[in-house]
Amino acid sequence: MFSPTSIRYISRNYIVHQLEIMVKNYKCFSEEVGFDAIQRVNLIIGRNNSGKSSLLDLIDAVTSKKYEFDRSTWRDNQRPQVFFQSVVTEEVATRTFPNNTRGGQIGGNHGDYGRQYIGKTIKWSKSGEERNNNSILIYCDDEGIRPPLRQSGDYHKHLPKNMPIFLEGKVFRRLLAERDILPEPASTTDIKISTNGTGLTNAIQCFINKSDLPSDLVERNILEGLNEIFAHDAGFTDIVCQLHDNNAWEIYLEEEHKGRIPLSQSGSGLKTVMSVLACLILVPHLEGKPLNSYVFGFEELENNIHPALLRRLNEYIYKASIEHDFIYFLTTHSNVLIDQFSKQSDAQIIHVTHDQQSSKCTTAKTYIENNGILDDLDIRASDILQSNGVIWVEGPSDRIYLNRWIDLWSNGTLKEGTHYQIIFYGGRLLSHLTAENPEDIESGISILNANRNALILIDSDKRSRQSRINDTKQRIKDEFDALNAFCWITRGKEIENYIPLEVVSARWGVHVTEHVGRYDNYFDYLDQLVSGEGTKYSSKKTLMAEELIPHMTRENLSQMLNISDSMERVCRSIESWNS
Ligand SMILES: Nc1ncnc2c1ncn2[C@@H]1O[C@H](COP(=O)(O)OP(=O)(O)OP(=O)(O)O)[C@@H](O)[C@H]1O
Ligand SMILES: [Mg+2]
């Protein structure tokens, strides 16, 4: 149904809707949180119970213009409030301030007065039910305009009322995370597909059997969609329905080598794909509305779906959104979706976090605004966004040492993957990374903004007590310090200067009397002890790390420089990320 189009190419031309939508005192949101803008694809990520689905409730309120919320959702007995913020356009100014009116508190021509508001930001709130919901001005950037908006008669009421909210009046169609497709009795009077899949069997049955519904939508469009999304994983040749003895209809999918399989007995991945296709193909027909009048909210599409299938389902939806010009929201725990959208300019990732008391949202702009750098670093957005905390190290050998040391200092309780994630920054690329707030800087990506639970390990590369660390390292250190995050610059020259003599002696079976010097080159030291080994391992640091870590103990390491203090701080940081 949707012709193949190049995702990347089209995405560059997309214009974001610069409308901020926030909610306060709703469920887990005690402060104002929500969307800084609305994109074509809006990916909402975060842990269970953080408030992802609740953010979709906000979209529901806006599209349906029902700004009155059920009492059970009020936070601390306070009525939820929805806020909007955007910029006054020429069209709105002209409509609000008539050219043919003069006098009153404004004095002169109201049209001239109103034109001063073009390009100014206003913030307003809405409340009440659809029929009599009202807009209240919260803020207006009217500095320098005389008289200010609030003293210009009723214009402080008219201006917010005239501000367009493009989502209002759209149909918000959700697909819940809990969904199923079951056999159903026939009902030809009320053909409705619910957000959890109820009614889908009956709807398909009606499309196939009823003469007033186009069977093509099922027999051709849905079938084509299924085959496009499943690609080589399955080949469907037909969709049919049959009436069982118990008067329930069942949908069957015919596969070339399997014959007819009832949908209720199929994998839940297939049911998810069917449910999405029904939203995009059958629902608009049943409701008599074009696809561009919809906004979709797909919840956890990844449930029971293989990553490759998920990618194709995702691409199918994305292509449809371009061809038919609709926007959509996804809540997800899937790194596939995060990574697929993290570098796309018409998508945004909204990260919802919960701190026991309330939830907040951060828009992870980092990836899109700095595309290229993360690619160079071969860093996946999901690694940063979904881990409890990130430890940045230069390369793979640092990771091997650090993992071993964390294991020793935490008595095996802290594990990479579960409690923290190690990511490489690569020495050369250190200068691209900055921990500063992105608002304060013009270039560079903000490590800490992406995941504020972070620490970094950097080689000092100092060759003597007098030498200073370079400016980039000093800047990173200052930024981490300012945020009370640990920046560990090695006390000696490099990480290898923490390797104690007992380890060398155990690995190479030689008698060693001195540790490597604090500012010495470790590989020269090794060459002197075992001829040729230093040269050999200087280009095989990862292999050496693997061979040495079994000989490392907390006792022999503790003799080296300040490693104990640093490791205690590392473990305390990781524990705090996981508390
Ligand atoms: N009246 C209320 N006052 C305060 N908090 C509330 C209220 N009603 C619900 N909550 C909280 O709002 C949150 C709702 O979470 P929501 O269902 O949006 O999470 P989610 O991120 O979609 O989770 P999942 O990934 O499990 O689907 C929960 O933490 C819940 O405890
Ligand atoms: Mg949810």
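- Aromatic rings of F35 and F329 (six-membered ring for Trp) have centroids within the 6.0 Å cut-off, being under it.
- A centroid separation of 6.0 Å or more is found between the aromatic rings of Y316 and Y318.
- We find that E68 and R79 are joined by a salt bridge, their nearest charged nitrogen and carboxylate oxygen being less than 4.0 Å apart.
- Residues N484 and R452 have side chains that never bring a donor and an acceptor to within less than 3.5 angstrom of each other.
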Test log, rule salt bridge (charged side-chain N to carboxylate O under 4.0 Å, His left out), inputs K271 and D180: CA-CA 7 Å; K271 292 181 190 174; D180 203 0; 2.8 Å; yes

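- Ion pairing between K192 and E287 fails under the 4.0 Å rule for side-chain N and carboxylate O.
- Taking CZ of R311 as the reference point, atom OG of S334 lies at 8.5 Å (rounded to 0.5 Å).
- N196 places none of its side-chain heavy atoms less than 4.5 Å from the side chain of E178.
- Within 6.0 Å of NZ on K360 lie no more than 12 heavy atoms contributed by other residues, nucleotides or ligands.
- Proximity of P160 to I136: side-chain heavy atoms (C-beta onward) are nowhere separated by under 4.5 Å.
- With rounding to the nearest 0.5 Å, the separation of CG in L217 from CD1 in I281 is 7.5 Å.
- For the pair I327 and F166, the minimum side-chain heavy-atom distance is below 4.5 Å.
- Using a cutoff of 4.0 Å between basic side-chain nitrogens and carboxylate oxygens, D478 and R475 are not scored as salt-bridged.
- Within 6.0 Å of CZ in R146 there are more than 12 heavy atoms belonging to other residues, nucleotides or ligands.
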Worked verdict on R174 versus D57 for salt bridge (charged side-chain N to carboxylate O under 4.0 Å, His left out): CA-CA 10 Å; R174 255 163 118 153; D57 300 345; 2.8 Å; yes

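- Checked against the 6.0 Å centroid criterion, the rings of W124 and F84 qualify as a close aromatic pair.
- In terms of modelled atom types and a separation under 3.5 Å, the side chain of S387 and the main chain of D383 share a donor-acceptor contact.
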Audit row: N304, T272, side chain to side chain donor-acceptor pair (under 3.5 Å) steps and yes/no: CA-CA 9 Å; N304 307 310; T272 291; 6.0 Å; no

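- Using a 4.5 Å heavy-atom threshold, the side chains of I45 and H333 count as separate.
- Here CG of N202 is found 11.0 Å from OG1 of T198. Values are rounded to the nearest 0.5 Å.
- Under a 3.5 Å cut-off, the side chain of S64 and the backbone N or O of D60 do form a donor-acceptor pair.
- The distance from the OG1 atom of T96 to the OH atom of Y113 is 11.5 Å, given to the nearest 0.5 Å.
- In this structure, K24 fails the cation-pi test against F29, since its NZ or CZ atom is not both closer than 6.0 Å to the six-membered ring centre and inside 45 degrees of the ring normal.
- Two residues are said to be in side-chain contact when any heavy atoms from C-beta on lie closer than 4.5 Å; T201 and L182 fail this criterion.
- Ring planes of F296 and Y294: parallel class, angle under 30° (limits at 30 and 60°).
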Check against salt bridge (charged side-chain N to carboxylate O under 4.0 Å, His left out), K319 and E315: CA-CA 6 Å; K319 279 190 300 193; E315 264 177 37; 5.8 Å; no

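- One side chain, N134 or S127, offers a donor N or O that lies under 3.5 Å from an acceptor on the other.
- Atom CD1 of residue I21 and atom CD of residue E32 lie 13.0 Å apart, to the nearest 0.5 angstrom.
- The closest side-chain heavy-atom distance from L200 to S275 is below 4.5 Å.
- With a 4.5 Å cut-off on side-chain heavy atoms, Q81 and V23 do not count as touching.
- With no hydrogens or angles considered, a side-chain donor-acceptor pair links T332 and E302 at under 3.5 Å.
- L282 has its side chain within reach of I204: a pair of non-hydrogen atoms, C-beta onward, lies under 4.5 Å apart.
- Between the side chain of K170 and the main chain of N292, a donor-acceptor pair closer than 3.5 Å is present.
- In summary, the aromatic rings of H110 and F97 are positioned with their centroids too far apart to meet the 6.0 Å limit.
- A distance-only check finds no donor-acceptor pair linking the side chain of S215 to the backbone of F207 [under 3.5 Å].
- Checked for salt-bridge contact, D142 and R150 miss the test: no charged N lies under 4.0 Å from a carboxylate O.
- In this model, no donor atom of one side chain and acceptor atom of the other lie less than 3.5 Å apart for E300 and T331.
- For S194 (side chain) and G197 (main-chain N/O), no donor-acceptor pair under 3.5 Å exists by modelled atom type.
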Salt bridge (charged side-chain N to carboxylate O under 4.0 Å, His left out) assessment of R95 paired with E90: CA-CA 9 Å; R95 197 151 42 89; E90 190 174 347; over 6 Å; no

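- Of the N and O atoms on the side chains of Q39 and D346, not one donor lies less than 3.5 Å from an acceptor on the other residue.
- The number of heavy-atom neighbours closer than 6.0 Å to CD of E168, taken from other residues, nucleotides and ligands shown, is above 12.
- Between the side chains of T121 and D141, no donor N or O sits under 3.5 Å from an acceptor N or O.
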